[in-house]
Visitor: 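Supplied in structure tokens, the structure appears directly below.
Letters A, B, ... are given to chains in the order of the sequence lines, protein chains preceding strands, and every chain is numbered from 1.
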Amino acid sequence: MWKPISRAQLPADTVELARFLIGGCLVRNSIEGVTTGRIVETEAYPIGDSASHAFKGPVPRAQAMFLNLGHAYVYLIYGSSYCVNVVSEQAEIGAAVLIRALEPLAGIEIMTARRRGARRIDLARGPGRLTAAMAIDSTFNGLDLCAAGPLFLSEHENAAATVKRSCRIGLTRNADARLRFYEAGSAFLSGPKYLSP
DNA sequence: TTGGCGATTGGCT
DNA sequence: GCCAATCGCCAAT
């Protein structure tokens, strides 16, 4: 029913991949059932970006960023929230795209239970919220997202009509770079409204 | 060993 | 809109 995307379809460039992923689909196959979401917001962390965890080289935490295109980089932030990224360059380079928000599609009830009854609009609006809704944690770090398994990217079902860009959210270093991408008009975006006109 | 800080969230004003 | 919670990581001691 849901088919993993082939690696050859993914642009091997961080900024291009961040734009490409808008409108794509993330699929989570768990013991509780299948949950899926349409990607509506991403951020690029390209080569040489001082805000990237890969900026200082392959330190232990960021090692998964140095895997090949299409693998997962998952880390814990602020002690409580996981963030999931798609590795965006060839092996040993070190760059990724953060998935910041999903439009919930299948398995709404499962996601609602995981998110303690949050409204549908808030289920996967924000990087930590979407990992909670999809039950993604550090055990997924390094997983190939282009292969059938518990978590993968699938073919686009509804292409985004209009993709816009803004500066990224929550950063101190390199905070002015306009490396956030979002689907214009989506009701499922995170961050302050003025960043999503 | 220790202290400060983070690609955030949720609750309260 | 503001702010505390929370804990792994890393740089400095």
Visitor: Nearest whole angstrom, please: distance from the P of dC5(B) to the CZ of F55(A).
Guide: 19 Å

Visitor: Does a side-chain N or O from S52(A) land closer than 4.0 Å to OP1 or OP2 of dA7(B), or not?
Guide: no

Visitor: Considering every strand shown, what is the Watson-Crick or G-U wobble mate of dC7(C) when both distances are under 3.5 Å?
Guide: dG6(B)

Visitor: Is there side-chain contact between R114(A) and I110(A), with at least one heavy-atom pair below 4.5 Å?
Guide: yes

Visitor: Which nucleotide wins on minimum distance to the side chain of N85(A), given the candidates dT9(B), dA7(B), dG8(C)?
Guide: dA7(B)

Visitor: Separation of R114(A) atom CZ from dT9(B) atom P, in whole Å?
Guide: 17 Å

Visitor: Does the ring of Y45(A) lie flat against the base of dA7(B), closer than 5.5 Å centre to centre with planes under 30°?
Guide: yes

Visitor: Give me the distance, rounded to whole Å, that separates dA4(C) from dG4(B) when you measure between the P atoms they each carry.
Guide: 16 Å

Visitor: Are OP1 or OP2 of dG6(B) and a side-chain N or O of R173(A) less than 4.0 angstrom apart?
Guide: no

Visitor: Taking H53(A) for the side chain and V59(A) for the main chain, is one N or O donor matched with an acceptor at less than 3.5 Å?
Guide: no

Visitor: Taking the side chain as every heavy atom from C-beta outward, state whether N68(A) and V87(A) have any atom pair closer than 4.5 Å.
Guide: no

Visitor: With respect to the side chain of Y78(A), which nucleotide from dT8(B), dG8(C), dA7(B) is positioned closest?
Guide: dT8(B)

Visitor: Figure out the CD/P separation between E41(A) and dA7(B), and round it to whole Å.
Guide: 16 Å

Visitor: Which whole-number value in Å describes the distance from L98(A) CG to dG6(B) P?
Guide: 16 Å

Visitor: Whole-Å distance between dC5(B) P and L76(A) CG?
Guide: 19 Å

Visitor: So what does S190(A) hit on the nucleic acid, given a heavy-atom distance under 4.0 Å: a base, only sugar-phosphate, or nothing?
Guide: nothing

Visitor: To the nearest Å, give me how far apart CZ (F181(A)) and C1' (dA7(B)) are.
Guide: 15 Å

Visitor: Have a look at S80(A) and say if it touches a base, only the backbone sugar-phosphate, or nothing, with a 4.0 Å heavy-atom cut-off.
Guide: nothing

Visitor: Start at the 5' end of DNA chain B and walk down; is the nucleotide closest to A51(A) or to R129(A) reached first?
Guide: A51(A)

Visitor: Rounded to whole Å, please give me the gap between CG in L21(A) and C1' in dA7(B).
Guide: 16 Å

Visitor: Rounded to the nearest Å, what distance is computed from the NE2 atom of residue H53(A) to the P atom of nucleotide dG8(C)?
Guide: 16 Å

Visitor: I77(A) has a side chain; which of dG6(B), dC10(C), dT9(B) sits nearest to it?
Guide: dG6(B)

Visitor: Please state whether the phosphate of dT8(B), meaning OP1 or OP2, lies under 4.0 angstrom from any side-chain nitrogen or oxygen of R100(A).
Guide: yes

Visitor: Does a side-chain N-to-carboxylate-O contact under 4.0 Å join R7(A) and D144(A)?
Guide: yes

Visitor: Kindly point out which of dG6(B), dG8(C), dC10(C) is positioned nearest to the side chain of P60(A)?
Guide: dC10(C)

Visitor: Tell me whether I136(A) is reachable from I99(A) by hopping between hydrophobic residues (I, L, V, M, F, W, Y) whose side-chain heavy atoms are closer than 4.5 Å.
Guide: yes

Visitor: Looking at Y45(A), I'd like to know if the NZ or CZ of R168(A) sits under 6.0 Å from its six-membered ring centre while staying within 45 degrees of the ring's axis.
Guide: yes

Visitor: dG10(B) phosphate, OP1 or OP2: any side-chain N/O from R115(A) under 4.0 angstrom?
Guide: yes

